[in-house]
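Read through the structure below, which is laid out as structure tokens, and then see the notes.
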Amino acid sequence: QVQLVESGGGLVQAGGSLRLSCAASGLTFDSFVMGWLRQAPGKEREFVAGISSSGGSQYYADSVKGRFAISRDNARNTLYLQMNSVKTEDTAVYYCAVRYTSGSVYRSTSYDTWGQGTQVTVSS
């Protein structure tokens, strides 16, 4: 059974940094595109960042490009999201997700399984 466990969320001031981690088990981690999605109160879940199975290609939503960095350690079955220069609008629950099929990496609905999420709150 696939398990994705996020950690690293919390309260941070605007302009600060945070690093999220996702420990994956129950899947051949280095075979799949992985991504980070987020959902703010009253809004739909949205794509934040994605990374190819090898880690060689990264994909970002325009809203986070230049501020966030996605990476993965296939030896440790772990996905990361480095969040810099955070803004109040980055406040959301962040989910680690795996894409099993070939849908667009930029589309949140392309991801088939996600974790329980970790809350990120950015204060002004």
Side-chain angles (χ1 to χ4, degrees):
Q1 185 175 353
V2 175
Q3 279 198 317
L4 303 171
V5 180
E6 303 92 339
S7 61
L11 177 64
V12 60
Q13 283 194 324
S17 297
L18 210 57
R19 190 193 197 202
L20 307 184
S21 299
C22 170
S25 61
L27 77 166
T28 309
F29 184 73
D30 59 4
S31 294
F32 300 106
V33 165
M34 298 293 296
W36 287 97
L37 313 176
R38 69 185 180 187
Q39 188 166 20
K43 295 188 176 181
E44 292 186 354
R45 193 168 299 182
E46 64 175 0
F47 167 79
V48 175
I51 189 167
S52 62
S53 56
S54 68
S57 296
Q58 300 86 38
Y59 312 88
Y60 297 98
D62 288 343
S63 58
V64 307
K65 200 173 295 182
R67 300 188 297 119
F68 291 8
I70 187 172
S71 61
R72 65 193 296 163
D73 184 338
N74 285 344
R76 297 176 186 269
N77 286 7
T78 303
L79 180 71
Y80 302 100
L81 184 69
Q82 178 66 43
M83 305 170 62
N84 298 326
S85 303
V86 296
K87 304 176 181 180
T88 54
E89 51 263 45
D90 294 322
T91 294
V93 177
Y94 283 72
Y95 300 90
C96 165
V98 57
R99 192 196 73 167
Y100 294 121
T101 59
S102 58
S104 170
V105 69
Y106 293 99
R107 189 174 298 149
S108 62
T109 53
S110 295
Y111 295 85
D112 306 278
T113 299
W114 48 87
Q116 84 289 347
T118 185
Q119 175 72 46
V120 172
T121 303
V122 182
S123 64
S124 58

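Treat the numbers as computed from the prediction; the structure is a model and nothing was measured.
The same ILVMFWY cluster, assembled from side-chain heavy atoms under 4.5 Å apart, contains both Y106 and L37. Note on Y80: it does not cluster hydrophobically with I51, by side-chain heavy-atom contacts below 4.5 Å among ILVMFWY residues. Placement of Y94 and M34 within a single hydrophobic cluster is found when ILVMFWY residues are connected by side-chain heavy-atom separations under 4.5 Å, directly or transitively. V48 and L18 fall within the same hydrophobic cluster, defined by Ile, Leu, Val, Met, Phe, Trp and Tyr side-chain heavy atoms under 4.5 Å apart, directly or through other members. Two different hydrophobic clusters hold L81 and F47 under the rule that ILVMFWY side chains link at heavy-atom gaps under 4.5 Å.
At distances below 3.5 Å, at least one donor-acceptor pair connects side-chain atoms of T91 with backbone N or O atoms of V122. Distance alone, capped at 3.5 Å, places no donor-acceptor pair between the W114 side chain and the W36 backbone. Side-chain atoms of Y111 do not come within 3.5 Å of backbone N or O of Y100 as any donor-acceptor pair. Judged by distance alone, the side chain of R72 and the main-chain N or O of F29 form a donor-acceptor pair under 3.5 Å. Remark: the backbone N or O of S53 is paired with a side-chain donor or acceptor of N74 at under 3.5 angstrom. Side chain of E6 to main chain of C22: no donor-acceptor pair is present (N/O by atom type, distance under 3.5 Å, no hydrogens or angles). At least one donor-acceptor pair under 3.5 Å links the side chain of S110 to the backbone N or O of S104.
The number of heavy-atom neighbours closer than 6.0 Å to CD of E46, taken from other residues, nucleotides and ligands shown, is above 12. A 6.0 Å sphere centred on CD of Q3 holds no more than 12 heavy atoms belonging to other residues, nucleotides or ligands. No more than 12 heavy atoms of other residues, nucleotides or ligands shown are found within 6.0 angstrom of CD on E44.
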Please report the C-alpha distance between R38 and S63 in whole Å, then the side-chain angles of each, then the deciding distance to 0.1 Å, and finally whether the side-chain contact (heavy atoms from CB on, under 4.5 Å) criterion is met. CA-CA 12 Å; R38 69 185 180 187; S63 58; 3.5 Å; yes

Apply side chain to side chain donor-acceptor pair (under 3.5 Å) to the pair S17 and N84, showing each step before the final yes or no. CA-CA 4 Å; S17 297; N84 298 326; 3.0 Å; yes

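For the residue pair L4 and A97, the shortest heavy atom distance occurs at CD1-CA, 4.0 Å. Scanning both residues, Q116 and V5, for their nearest heavy atoms gives OE1-CA, 3.9 Å. In terms of heavy atoms, Y59 sits closest to S57 at OH-CB, 3.4 Å. What you find for I70 and G50 is that their closest heavy atoms are CG2-O, 3.5 Å. The two atoms that bring K43 and Q39 nearest to each other are O-NE2, 3.1 Å, heavy atoms only. What you find for G9 and V120 is that their closest heavy atoms are CA-CG2, 4.1 Å.
For the pair K87 and D90, the salt-bridge criterion is not met [side-chain N within less than 4.0 Å of a carboxylate O].
Expressed to the nearest 0.5 Å, how far CG of L20 lies from OG of S7 amounts to 8.0 Å.
Between Y60 and F68, a ring centre-to-centre spacing not shorter than 6.0 Å is recorded.
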